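What follows is one structure encoded as structure tokens, with my remarks underneath.
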Amino acid sequence: MPPLDLPKSYDAKSHEVDVYQRWEGAGCFKAGAGHRDGKPSYTIAIPPPNVTGVLHMGHALNNTLQDTLIRWRRMQGRDVLWQPGMDHAGIATEAVVAKQLEAEGKRKEQTPRDEFIARIWAWKEQSGGTIVKQLRKLGSSCDWSRERFTMDPGLSRAVRTMFKKMVDADLIYRGTRMVNWSPVLKTALSDDEVDVKDKQGHLWKLRYDLADGSGSIAVETTRPETFFGDSAVAVNPSDERYRALIGSMVKLPIIGREIPIVADEHADPGKGTGAVKITPAHDPNDYEVGKRHGLPLIRVIGLDGAMTALCAHFAGMDRFACRKALLKEFEASGVLLGATEITHAVGHSERSGEPIEPMVTEQWFVRMAPLAARAVAETRADRLHFHPERWTKVYEHWLDNVRDWCISRQIWWGHRIPAWHCASCAKITVPDADAPDPTACAHCGAATVTQDPDVLDTWFSSALWPYSTLGWPDATPEMSRYFPTATLVTDRGIIFFWVARMVMTSLFALDKRPFSDVYIHGTVNDERGDKMSKSKGNGIDPIIMIEGGVQHYLGKDYQCPGYGADAVRYTLLDMTTEGQDLKLSPSRFETGRNFANKVWNAGRFLLMNLSERPLANPPTAQDLLARELGFPERWLLDRLQAATNDCTRALDGWRFNDYANGAYRFFRDDLCDWYVEWAKRAFKSGGDGAQTAALVLWYAFERTLRLLHPGMPFITEYLWQQLQTTAGGQPWTAGRFLMLQAWPEVEQVLADASAGARMDELQQLVIAVRNTRNQQGVADGTALAVSIATPDAAKARALEADRDFLIDRGNFSALAIAVDAAKPAAAVTSVVGALKVHVSLEGQVDLAKLKDQLTKRTQQLEKSIAGKQGRLGNADYIARAPAAQVEETKAMLAKEQAEVVTIRETLAGLG
RNA sequence: GCCCGCUUAGCUCAGUUGGCUAGAGCACUACCUUGACAUGGUAGGGGUCAGAGGUUCGAGUCCUCUAGCGGGUACCA
């Protein structure tokens with residue numbers, strides 16, 4: 001054995017950085033790298049991570065899937081672009097810098113807007129975008145030269161263009177509406193940024209006295225503090241209890257303001273007391289009631305969540321503190337008639353966590369109905385596909401029910417709304433996207449215009465991502481080459497936020513869908529099934545899994561040795577089944593690490609052996625066929641074709657686990673366990689057989705590396721480069737990379753349909769003898785004499801052809817094959833189909849174990865035989881089942897019956 | 001309330017259009033440090049496919065209902 005500088009175990013850390021740099025340095029990630037003539041383009045626009053973000057396991061999964069698709073398509077010769085970039089994450093990023101200011105004892109409100117924005121840019125340049133570096137560690141083959149940021153000048157221009165286009169199409173309007181207000185963030189939010197949670201609360205029953213002193217009416221509310229803003233009490237017009245009261249006035253407690261009792265269908269006689277207080281300024285339903293009855297909007301809670309001056313001595317108090325204090329007072333004064341505990345749904349700000357305050361404010365909106373109609377039409381017309389398909393319904397349901405989208409945010413970091421308000425005529429000027437900022441009103445000409453202070457929702461710019469990154473609104477070469485994109489890979493959480501909005505804007509502005517397929521993967525959970533999150537301490541850091549370190553997980557410290565990116569990727573692929581959620585634990589990544597090590601060692605074996613007998617050139621299918629291939633070689637090459645087909649079909653069908661498994665099973669079960677072991681014999685004997693084995697092994701292993709590459713790019717690239725030294729080449733030759741080699745196609749000339757069944761029988765014979773050896777307590781290394789009794793001479797002759805294979809793989813000291821092969825004196829007989837396998841043993845034979853096994857097998861077979869006999873005895877089965885099916889059952893039955901007969905004979909012989 | 005998903009070996013999960021004796025990994029048992037690999041090998045043990053009905057020649061797979069778990073969505077009277 002020549003010295004070899006490959007260590008016994010694969011150490012990912014010593015290769016991954018180097019391999020990545022070589023790829024990037026050689027331009028392998030660039031759009032169009034490896035493109036072969038005539039092949040169409042394949043584009044994925046990355047879901048842009050937040051500039052504030054760090055890589056978590058969900059990103060690792062998301063990007064592993066994208067990279068697997070991208071590398072696979074690139075190897076297929078497609079003109080591939082994986083477009084990377086980040087979004088500016090308006091609220092999150094602003095919060096980061098606001099916190100920094102606080103640490104310095106300053107407040108955002110006291111900082112000039114320009115200065116604040118400058119600070120955010122400085123922060124972004126210095127510490128933003130960590131995640132992009134981390135994506136490289138994962139192996140992501142994005143075209144980094146095309147990295148984009150939503151606040152780039154080009155993308156900002158796209159935003160401005162879209163805004164103007166939508167204003168002109170009457171799809172964007174400004175209006176005073178009830179919106180979701182976050183008192184903590186002090187901005188409006190869209191409906192999608194509200195997290196509705198079930199909360200324990202109380203239904204407080206309040207007594208409102210009639211103004212004329214003739215009695216009172218009871219109302220129930222979960223939010224007594226809003227009573228200051230009540231403008232009416234509503235009752236259902238059909239409600240007999242209150243019919244007489246409609247039109248009379250009640251006098252609010254404490255403040256004494258008088259409000260009418262109105263009739264409105266909104267009041268449900270079955271709910272509460274049937275009479276409901278109406279606070280149009282602080283409740284969406286009440287807002288609608290208020291509009292119907294012309295009730296005044298009385299704002300009693302301010303933008304900061306504190307009670308306004310209209311709230312008597314509660315003015316200035318926080319809304320929740322006010323509730324507490326108010327109830328005390330109500331109780332004392334007899335206004336509070338009772339309380340029931342209830343569970344009710346309360347909207348919370350997704351980002352800051354506090355309960356949303358419905359607030360009537362002036363905001364910008366996108367009119368969704370016309371956009372949504374077109375977006376729905378795409379799936380209905382089968383032009384846009386979700387995988388798994390069930391997400392189509394979720395997408396369509398949202399679009400069918402969507403309300404107008406509030407796009408203005410009262411923050412500073414983002415795209416400032418390109419609209420100017422005129423102080424003279426109060427009209428709004430929205431300039432053309434490429435025009436300079438207006439200095440005069442487009443309506444009255446006055447020079448009294450000021451830009452709207454608000455910025456756009458971050459998702460407004462994200463909605464343009466698939467084309468703004470390619471240069472839209474300009475007709476760039478990239479637009480014509482890579483748009484529409486092909487696939488979007490994301491999770492279910494942003495189907496509404498992002499996927500639907502991209503479809504809407506793209507159809508509106510470009511009359512094209514932005515992508516044809518949307519793959520929705522599962523959510524990454526911890527091993528208990530809970531979603532991973534920082535606050536729960538159950539997150540697993542992909543970078544720690546790749547590079548090693550201490551992982552704090554579920555209250556324990558897990559010492560991770562560093563499994564490498566390939567291991568992390570492979571494990572995630574292996575677990576990705578049809579969009580089901582993943583349950584992960586740190587040790588789960590051993591799956592991938594172990595497999596990577598196995599690949600490494602197979603490569604090591606090949607390199608050791610082939611360095612002794614190098615090939616002149618990488619062998620082709622024709623080179624292999626030119627030689628006299630033995631049966632195991634033909635079988636292996638046939639299996640390779642099947643594996644190639646399986647892997648391709650799996651990726652084609654978005655079945656990532658089938659891809660990972662298909663490659664794994666061929667590699668381990670067929671290539672390593674059977675062929676490599678067989679080839680060792682050939683290598684030992686040398687000569688022509690060794691040369692054939694070398695060719696076959698080189699070919700099969702090299703194809704396997706190609707198949708594995710999209711999932712495990714680093715180790716496969718490294719081994720592939722090393723492999724070149726054994727076929728007349730050098731590693732890292734300019735421009736030669738595995739990642740740009742062709743994805744294997746099925747080579748029909750190497751397929752051999754008969755090989756499978758033949759090998760199957762041989763393997764069973766070998767396993768039967770190994771089993772006997774194990775069962776009888778004979779060491780694996782002990783060669784045993786075997787004789788096989790066949791039912792007829794033809795079978796005996798057929799088996800003779802595989803004598804060498806059987807002897808070698810079964811470790812036989814001798815092999816006799818004959819129709820009447822007799823059982824030697826001290827021997828154990830097992831049964832393979834209609835074959836009896838006599839294994840000679842020295843000394844005691846454990847008959848009990850043998851009998852147990854044979855009896856168990858008989859029972860198994862009898863059950864199966866009875867089932868088949870029942871089926872074949874059924875006239876309906878014969879008449880209705882497909883003929884081929886019936887034939888197969890008959891053949892199977894005959895086989896099983898033959899085996900039972902043979903086992904019975906054997907058992908009888910044991911006495 | 002409505003919608004969706006899940007329930008298969010001790011654990012985590014596969015099981016394409018209904019059709020061989022229901023599979024894999026981990027864990028477990030026994031044996032093996034043999035010249036690619038103990039991050040390994042060999043051979044095993046382990047499942048009335050959540051429950052009940054139905055369709056069918058045939059159901060883990062299709063339909064209905066029930067139970068449990070998870071997700072989404074609606075509702076702050």
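Chain letters run A, B, ... following the sequence lines, proteins first and then strands; every chain starts at 1. Values in this document were obtained by computation on a predicted structure and should not be read as measured data.
- In this structure, G47(B) makes no Watson-Crick or G-U wobble pair, since no nucleotide meets both defining distances under 3.5 angstrom.
- As judged by a 4.0 angstrom heavy-atom cut-off over every strand, Lys393(A) is placed among residues touching the sugar-phosphate backbone only.
- Ala875(A) comes within contact range of no nucleotide atom at all, as no heavy-atom separation falls under 4.0 Å.
- Looking at heavy-atom distances under 4.0 Å, Glu896(A) makes contact with a base.
- Rounded to a whole angstrom, the distance from the P atom of G53(B) to that of G71(B) is 32 Å.
- For Met575(A) and G15(B), the CE to P distance is 14 Å, given to the nearest whole Å.
- For Lys598(A), no side-chain nitrogen or oxygen approaches OP1 or OP2 of C37(B) to under 4.0 Å.
- Rounded to whole Å, the separation between the C1' atoms of G47(B) and U34(B) comes to 36 Å.
- When both distances must be under 3.5 Å, the Watson-Crick or G-U wobble mate of G40(B) is C32(B).
- Following rounding to the nearest Å, Gln763(A) (CD) and U42(B) (P) show an atom-to-atom distance of 11 Å.
- For Ala881(A), taking side-chain heavy atoms from C-beta onward, the closest of the listed nucleotides C75(B), C31(B), G19(B) is G19(B).
- Taken to the nearest 0.5 Å, the CG atom of Leu708(A) stands 10.5 Å off from the CG atom of Leu573(A).
- Within 6.0 Å of NZ on Lys536(A) lie more than 12 heavy atoms contributed by other residues, nucleotides or ligands.
- Between Lys856(A) and the phosphate of G46(B), there is a side-chain N or O to OP1/OP2 separation shorter than 4.0 Å.
- Taking atom C1' in both A30(B) and A22(B), the straight-line distance is 26 Å, to the nearest Å.
- The pairing partner recorded for C69(B) is G5(B), the criterion being a Watson-Crick or G-U wobble arrangement whose two distances lie under 3.5 angstrom.
- Residue-level contact check: Asp283(A) touches the backbone only, with heavy atoms under 4.0 Å from sugar-phosphate atoms and none from bases.
- To the nearest angstrom, P of G15(B) lies 10 Å from CG of Asn661(A).
- If you check C75(B), G25(B), G23(B) against the side chain of Tyr664(A), the one that comes closest is G25(B).
- At the heavy-atom level, Val196(A) lies under 4.0 Å from base atoms of the strands shown.
- Residue-to-nucleotide proximity on RNA chain B shows that, of Asp286(A) and Arg593(A), the 5′-proximal contact is made by Arg593(A).
- Across the protein-nucleic acid pair, Asn601(A) atom CG and G40(B) atom P stand 10 Å apart, rounded to whole Å.
- Atom pair Asp400(A):CG and C2(B):C1' shows a separation of 15 Å (rounding to whole Å applied).
- More than 12 non-hydrogen atoms from other residues, nucleotides or ligands lie less than 6.0 angstrom from NZ of Lys13(A).
- Distance noted for atom C1' between G40(B) and G35(B): 14 Å (whole Å).
- A74(B) and U61(B) are spaced 34 Å apart, taking the C1' atom of each and rounding to whole Å.
- The CG-P distance, from Asp268(A) to C76(B), rounds to 12 Å in whole Å.
- Applying the 4.0 Å criterion to OP1 and OP2 of G40(B), one finds that Asn594(A) has a side-chain N or O inside that range.
- The side chain of Gln580(A) lies closest to A14(B), out of G44(B), A36(B), A14(B).
- Note on Arg588(A): only backbone sugar-phosphate atoms sit closer than 4.0 angstrom, heavy atoms only; bases stay farther off.
- Taking the P atoms as reference points, U12(B) lies 16 Å from C69(B), given to the whole Å.
- Taking the P atoms as reference points, C37(B) lies 40 Å from C20(B), given to the whole Å.
- Within 4.0 Å (heavy atoms only), Pro358(A) reaches at least one base atom of the nucleic acid.
- Taking atom CG of Leu582(A) as the reference point, atom C1' of C13(B) lies 10 Å away to the nearest angstrom.
- Heavy-atom contacts from other residues, nucleotides or ligands closer than 6.0 Å to CZ of Arg665(A) number 12 or fewer.
- Proximity note for His266(A) (side chain, C-beta onward) versus A77(B), G19(B), G41(B): the nearest is A77(B).
- Contact of Glu677(A) with A36(B) (side chain to base): a donor-acceptor pair of N or O atoms is detected under 3.5 Å.
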field: side chain to side chain contact (heavy atoms under 4.5 Å, CB included) assessment of Glu193(A) paired with Ser349(A)
entry: CA-CA 7 Å; Glu193(A) 289 162 295; Ser349(A) 160; over 6 Å; no
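- When distances are taken from the side chain of Arg880(A) to each of C76(B), G71(B), C57(B), the shortest belongs to C57(B).
- Nucleotide C13(B) forms a pair with G23(B), judged by Watson-Crick or G-U wobble geometry with both contacts under 3.5 Å.
- Residue Phe386(A) is tested with Trp654(A), Tyr519(A), Tyr395(A) for a ring pair (Phe, Tyr, Trp, His ring centres under 6.0 Å); the sole match is Tyr395(A).
- Nucleic acid contact for Lys680(A): base, since at least one base atom lies under 4.0 Å from a heavy atom of the residue.
- Looking at heavy-atom distances under 4.0 Å, Lys8(A) makes contact with sugar-phosphate atoms alone, never a base.
- Heavy atoms of Ser9(A) sit under 4.0 angstrom from at least one base atom.
- For the C1' atoms, the distance linking C6(B) with G60(B) amounts to 14 Å, nearest Å.
- OP1 or OP2 of C13(B) has not a single side-chain nitrogen or oxygen of Thr577(A) nearer than 4.0 Å.
- Open room surrounds CD on Glu389(A); 12 or fewer heavy atoms of other groups in view lie less than 6.0 Å from it.
- At least one test fails for Arg681(A) against the ring of Trp674(A): distance under 6.0 Å to the centre or angle within 45° of the axis.
- Residue contacts shown for Ile356(A) include a base, since a base heavy atom lies under 4.0 Å away.
- The nearest heavy atom of RNA chain B to Tyr10(A) and to Ile342(A) marks one nucleotide each, and the one closer to the 5' end goes with Tyr10(A).
- We find that CG of Leu893(A) is positioned 15 Å from P of C20(B), with the value rounded to whole Å.
- Annotation: the span from Arg613(A) atom CZ to Thr726(A) atom OG1 amounts to 11.5 Å, rounded to 0.5 Å.
- Asp574(A) comes within 4.0 angstrom of no nucleic acid atom, judged by non-hydrogen atoms across all strands.
- Heavy atoms of Asn657(A) sit under 4.0 angstrom from primed sugar atoms or phosphate atoms, though from no base atom.
- With a 6.0 Å radius and a threshold of 12 heavy atoms from other residues, nucleotides or ligands, Arg390(A) has its CZ atom above the threshold.
- Listed candidates were G41(B), C76(B), U16(B). Nearest to the side chain of Arg655(A) is U16(B).
- No engagement by Glu887(A) is indicated, since no non-hydrogen atom pair under 4.0 Å with the nucleic acid exists.
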